[in-house]
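Here is the structure we will look at.
We count ligands from 1, going down the list as the structure has it; atoms in each ligand are counted the same way.
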Amino acid sequence: MATLLSDLVSGATHVPSNYVRPAHDRPNLDQVQSSDHSIPLINLQGLEDTRRSDIIKQIGLACQDYGFFQVQNHGIEEAVIDNMLSVSKEFFHLPESERLKSFSDDPLKTTRLSTSFNVKTEEVSSWRDYLRLHCYPLEDYMHEWPSNPPSFREDVAEYCRNVRGLAVRLLESISESLGLEGDYMNKALGKHGQHMAINYYPTCPQPELTYGLPGHADPNVITVLLQDDVAGLQVLNNGKWVAVKPIPHTFIVNIADQIQVLSNDRYKSVLHRAVVNCNKERISIPTFYCPSYDAVMEPAPQLIDDHHPPLYRSFTYAEFYEKFWDRGLNTRSSLDLFKTTSHSA
Ligand code: OGA
Ligand code: NI
């Protein structure tokens, strides 16, 4: 039996039973909203000078109302993005034996190819294979990455350097939008961490029965997602699932759990999911920008007063991250485990 989904199901006409969600937990694709303006699109041109305060205002509103936005004129060259997408596709099209050199089901390994979410703990599988890479500091991890395709390490490293720059700029803007010093979040993350997933969603004969990824919130600080031209990402807004239409060379940014903590719930880490389709395979590449494991997370003292008591206790990111992988993708957030007792339901 094949280890990876892509090898198990090529040519399948039915979804294997361990991928079928119970009836109350299916995508209901006919109830999903799709329109051109699903989540705010923000033009970052001028962020460092003439348009800074205007852009920061837009970012603040998007964080409050959606927890998600897309960015254009982000300063990352199109060639860097195109190379990242094409080398990712090439990787997932390598022969199974070649890909499996990177396989591991241990979530704590810093470079690994795996499938679904956490095969050791989950009951129902998800329609996805993924390559997970730690990527900051690059020198510590690059030598572990796949060496095939031959340009993989260089193309991915160039992409990582660029996305890290963007993430740091976004964190400055988000800090300022909360009325904090620009460097507040960047300082709160300790030595910083950066992980990436390259998600590969094969075509699926019965997309109404399963998920690429079920609804979840991301455990890190901020996620910067690149996707190819195939739709699949959906975001929960006002109780409805909204499809995000791909726009070439834009990034999708979302607030993740640690900003919810640092902002003491002013900004929420929003549920999102990936659905699959019968016609086209899909690649998405989230960069999970993180604190270092030893960084202590807690609500920013500047956002706490008599009317806004701290909603979370202090914890290390290591503590949080371990809970996230153990619990599985779950619509009840891992954040609940770190709420201050006086305010938990
Ligand atoms: C994720 C994720 C969405 C997508 O990997 O955490 O939310 O569109 N991916 O693949
Ligand atoms: Ni996610």
Atom 3 (C) of ligand 1 has as its nearest protein heavy atom L233 CD1, 3.8 Å
Between Y141 and H134, is the ring centre distance below 6.0 Å? yes
Heavy-atom gap Y130 to ligand 1 smaller than 4.0 Å: no
Within 45° of the axis and under 6.0 Å from the centre of the six-membered ring of Y136, does NZ or CZ of R164 qualify? yes
Under a 3.5 Å cutoff, is there a donor and acceptor pairing between the side chains of E144 and T110? yes
For N199, counting its heavy atoms only, list the atoms of ligand 1 lying under 4.0 Å from any of them. 5 (O), 9 (N), 10 (O)
Which single N/O/S atom of D218 lies at minimum distance from the Ni ion (ligand 2)? OD1
Residue-level breakdown please: for R132 versus ligand 1, do any non-hydrogen atoms fall below 4.0 Å on the side chain, on the backbone, on both, or on neither? neither
Looking at E181 and K187, is there a salt bridge between them, counting it only when a charged N and a carboxylate O are closer than 4.0 Å? no
Quick one: does ligand 1 sit under 4.0 Å from the side chain of L213, the backbone, both or neither, non-hydrogen atoms only? side chain
As an exercise, identify every atom of ligand 1 less than 4.0 angstrom from a heavy atom of P286. 5 (O)
Assess the side chains of S314 and E298: does a donor N or O sit below 3.5 Å from an acceptor N or O? yes
Need the ligand 1 atom indices (1-based, order shown) with element for anything under 4.0 Å from a heavy-atom of Y201. 4 (C), 9 (N), 10 (O)
For ligand 1, which atoms, with element, lie under 4.0 Å from some heavy atom of H272? 7 (O)
Would Q227 count as being in polar contact with ligand 1, using the rule that some N or O on each side must be under 3.5 angstrom apart? no
Using a 4.0 Å cutoff against the non-hydrogen atoms of R282, which atoms of ligand 1 qualify? 4 (C), 8 (O), 10 (O)
Between Q33 and S38, is any side-chain donor less than 3.5 angstrom from a side-chain acceptor? no
Does G232 have a non-hydrogen atom less than 4.0 Å from ligand 1? no
N-O pairing of D7 and R99 below 4.0 Å: yes
Counting the benzene-type ring for Trp, do W127 and Y201 have ring centres under 6.0 Å apart? no
So for H216 against ligand 1, with non-hydrogen atoms under 4.0 Å, the contacting part is side chain
heavy-atom search around atom 4 (C) of ligand 1 in the protein gives S284 OG, 3.4 Å
Thinking salt bridges, do K339 and D336 make one under a 4.0 Å N-O criterion? yes
